[in-house]
Amino acid sequence: MSRAPVYERLLSVPAFTPPEVRPLISAERIAARVNELAAQITRDYAGRSVVLLSVLKGSFVFAADLARAIDLPIRMEFLGVRSYGDDTKSSGVVQITQDLTRPVTGDDLVIVEDIIDTGLTISYLREQLRGRNPASVKVAALLHKPARIQREVEIDYLGFTIDDVFVVGYGLDYAERYRNLPYLGVLDPSQPGAK
Ligand code: IMP
Ligand code: MG
């Protein structure tokens, strides 16, 4: 069965464009890239099943699209993590706000992240999850900002590499806003609506 109708419906929703957000990556480009990553995962895990571990809240949109484009039996888990205040700078402190609902012992895990910025969150999560004895752990990240990396991280499935800008939309927020933008945009903090 074709998966296109889901995306067509989503792409036909008119996108509101707040003046403080400069569009960076369109919904169409995101959908195409997410489909490619899903095809890669489908090939890599052929004949097996995968646990997609969505890191909340930022990855919820990416995880939902990725999950529906993967042609394998999957299980979804969600891990609530807080690494930011309402600011655009990483605090470096990772707090687990919601744990998994089931053990992942012996499972093939794919951690689904919105963005790897300093790398502190994903390094911490990898370490935490290793202690739960999964069969394997890989990382799928929609975005990577190499300019700010503090910990070397291996990203197995990467959507886009971006410059050192603060992005919102497609699940990513600034002070809990903009998560529902269907595209990715750069937030201009000097614009009145951004505060
Ligand atoms: P890291 O620990 O610095 O790699 O930060 C990862 C988390 O910070 C991500 O999962 C996001 O929630 C948040 N973050 C980092 N950069 C941005 C951004 O440009 N926009 C929105 N959230 C971001
Ligand atoms: Mg966030």
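Both ligands and their constituent atoms are indexed starting at 1 by order of listing. Here, residue 1 is the first one in the sequence, and each next residue gets the next number. No hydrogens, no waters, no symmetry mates; every other heavy atom, side chains included, goes into these values.
Between atom CG of residue Asp117 and atom CZ of residue Arg148 there is a gap of 4.0 Å, rounded to the nearest 0.5 Å. Rounded to the nearest 0.5 angstrom, Leu24 CG and Leu187 CG are separated by 12.0 Å.
Here Arg151 pairs with nothing under the side-chain hydrogen bond (donor to acceptor under 3.5 Å, both in side chains) rule; sequence neighbours left out. When the side-chain hydrogen bond (donor to acceptor under 3.5 Å, both in side chains) test is applied to Gln95, no partner is found at least two apart in sequence or on another chain.
Contacts with ligand 1 closer than 4.0 Å are made by heavy atoms of both the backbone and the side chain of Val167. Counting heavy atoms closer than 4.0 Å to ligand 1, residue Val55 contributes nothing at all. Neither the backbone nor the side chain of Val81 comes within 4.0 Å of ligand 1, counting heavy atoms alone. At a heavy-atom distance under 4.0 Å, atoms from both the backbone and the side chain of Thr121 approach ligand 1. Residue contacts with ligand 1 for Glu113 involve side-chain atoms from C-beta outward but no N, CA, C or O (heavy atoms, distance under 4.0 Å).
Considering backbone and side-chain atoms alike, Ile122 places every N or O at 3.5 Å or more from each N or O of ligand 1.
Within ligand 1, the atoms closer than 4.0 Å to a non-hydrogen atom of Lys145 are 16 (N), 17 (C), 18 (C), 19 (O), numbered from 1 in the order shown. Within ligand 1, counting atoms from 1 as listed, the ones closer than 4.0 Å to a heavy atom of Val165 are 19 (O). Less than 4.0 angstrom separates some heavy atom of Gly119 from each of these atoms of ligand 1: 1 (P), 3 (O), 4 (O). Against a heavy-atom cut-off of under 4.0 Å, Asp173 is close to the following atoms of ligand 1: 21 (C). Shown in contact with Thr118 at under 4.0 Å from a heavy atom are these atoms of ligand 1, numbered in order with element: 1 (P), 2 (O), 3 (O), 4 (O).
Electrostatic pairing of Glu28 and Arg33 does not count as a salt bridge here, judged by no charged N lying under 4.0 Å from a carboxylate O.
Proximity of Val168 to ligand 1 is not established, as no heavy-atom distance is less than 4.0 Å.
The backbone N or O of Thr101 sits less than 3.5 Å from a side-chain atom of Glu77, completing a donor-acceptor pair.
When only modelled atom types and interatomic distance are considered, Tyr45 and Gln40 share no side-chain donor-acceptor pair under 3.5 Å. Between the side chains of Tyr170 and Asn180, no donor-acceptor pair is found at a separation under 3.5 Å.
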